[in-house]
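Since the structure comes first, as structure tokens, the remarks are kept for the end.
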Amino acid sequence: MNETRRAILEELSAGPVSGPELADALGVSRAAVWKHVEELRDAGFEIESDPTGYRFEGVAAYGGPTVEFGLEAPFEIEYHDAVGSTNDRARELATEGAEDVVVLADEQTGGRGRLEREWAAPSGGVWASAVLRPGIAPLRAPLFTLAAAVAAARAAREAGVDAGIKWPNDVVVPGDEDDGDDTGYRKLAGILTEMEGETDRIEWLVVGIGVNANVDADDLPAGATSIRDEAGDVDRRRFVQRLLEEFDAFRTDLDSIVPAWRELALTIGQRVRVDRPGGEVVGEAVDVTDTGALVVETDDGRERERERETVTAGDCEHLRPV
């Protein structure tokens, strides 16, 4: 957001201010104040005026400047009414040298998940991709996926949704077996993390977060749900702010991520099947490592440590108990 407009909002947040007072405080002309106020109104800020001056009444829109206003995290927001993929746009920005930019869209027309799977992203959802340069080894990159899942789950819980996490990146809502997948989970949000780097250091990281917010579950694939269906519509502006604030807190304290993930994990203690390039692993999920890998105790060796498999990536399916 333009610094002058940000300063105007800060002045108005303290109470009504006259045009001349704003001009003097900011060191600009009264005409410049009027122009900036009009641009703020166009961006979705409700600013009233009368002979005594300008009054800030609130925020009416969902967009870049309005999400940045009051956001307690150092992100710049690039907003689109519609975009093919927020991750694709974030990758473009990353290759151009961007950092701490979040691409946010009301709708994705070409959303995608892991393994290039199609991702339904209709208008009303929260579709965001953050461009980061964390300066860590690639081995630790999965922590950012876990952090995004925890941030999304916590924001959903604040909105009244009983959200949990299925390893590694699915935020789900427990339910009946006949209205979700085979174990009764309905998918609320997903994470897609992509990166570029060398063996010992990440150059950039893009963390995409998709949340089915103010959309009808009927417009989503089978087995999915939305905040609207679970708890009613949410203020998306505030939801995104809470999501980004939680995520920002985790990325500055990587050691806190796994303990927070465990608190919301639905996978630990479950029988699972994990499909991975080297073959599937079936057994009980018993833990996650400090880098976010899933530890599975295989069916044929529960009492021997060497029979534990550590899975760094793959599709995890919760199985019904034997």
Side-chain angles (χ1 to χ4, degrees), residues 1-14 26 36 39-40 43-45 56 59 61-80 83 86-106 126-137 140-156 158 189 191-197 201-211 213 235-257 260-261:
M1 183 189 299
N2 176 281
E3 289 303 318
T4 301
R5 291 193 282 277
R6 191 187 304 275
I8 288 174
L9 287 173
E10 290 175 355
E11 292 285 340
L12 295 181
S13 294
L26 301 177
H36 285 300
E39 290 174 343
L40 285 168
F45 295 93
F56 176 56
V59 180
Y62 177 64
T66 57
V67 171
E68 284 184 20
F69 177 65
L71 174 64
E72 297 182 5
F75 291 113
E76 175 187 344
I77 308 297
E78 180 186 288
Y79 176 78
H80 301 264
V83 69
T86 57
N87 258 44
D88 287 349
R89 174 57 184 155
R91 287 170 61 94
E92 292 176 0
L93 292 172
T95 59
E96 294 168 2
E99 181 177 4
D100 289 353
V101 177
V102 174
V103 180
L104 181 67
D106 175 56
V126 168
W127 321 117
S129 297
V131 181
L132 312 171
R133 296 184 184 277
I136 60 173
R140 306 197 79 189
L143 287 173
F144 285 77
T145 300
L146 301 188
V150 174
R154 284 185 173 182
E158 288 182 13
I191 317 298
L192 176 62
T193 301
E194 301 176 290
M195 67 178 181
E196 184 77 31
R201 180 180 169 84
I202 291 174
E203 181 179 346
W204 54 257
L205 194 69
V206 167
V207 181
I209 306 171
V211 184
D235 179 346
R236 283 191 297 164
R237 169 181 169 268
R238 187 58 187 142
F239 184 92
V240 171
Q241 288 179 334
R242 290 296 302 124
L243 173 65
L244 295 179
E245 287 162 1
E246 289 279 357
F247 180 70
D248 182 60
F250 284 124
R251 71 172 179 149
T252 57
D253 183 11
L254 297 184
D255 291 339
S256 69
I257 296 172
W261 186 93

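- Using a 4.0 Å cut-off between a side-chain N of Lys or Arg and a carboxylate O of Asp or Glu, Arg6 and Glu68 qualify as a salt bridge.
- Between Arg91 and Asp88 no salt bridge is recorded (no basic side-chain N to carboxylate O distance below 4.0 Å).
- Here the side chains of Thr66 and Tyr79 are not in contact, with every heavy-atom distance at 4.5 Å or above.
- Going from atom CZ of Phe247 over to atom CZ of Phe75 covers 6.0 Å, rounded to the nearest 0.5 Å.
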Verify side chain to side chain contact (heavy atoms under 4.5 Å, CB included) between Leu146 and Phe250, making sure each step is shown before the conclusion.
CA-CA 10 Å; Leu146 301 188; Phe250 284 124; over 6 Å; no
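- At least one side-chain heavy atom of Ile136 sits under 4.5 Å from a side-chain heavy atom of Phe144.
- You'll find the side chain of Arg154 reaches within 4.5 Å of the side chain of Val150, heavy atoms only.
- Taking the side chain as every heavy atom from C-beta outward, Asp100 and Arg251 approach each other to under 4.5 Å.
- At least one side-chain heavy atom of Val67 sits less than 4.5 Å from a side-chain heavy atom of Gln241.
- Note on Asp235 versus Arg242: no salt bridge recorded, every NZ/NE/NH1/NH2 to OD/OE distance being 4.0 Å or above.
- You'll find the side chain of Ile209 stays beyond 4.5 Å of the side chain of Val126, heavy atoms only.
- Annotation: side chain of Asp106 is in contact with side chain of Arg236 (closest heavy-atom distance under 4.5 Å).
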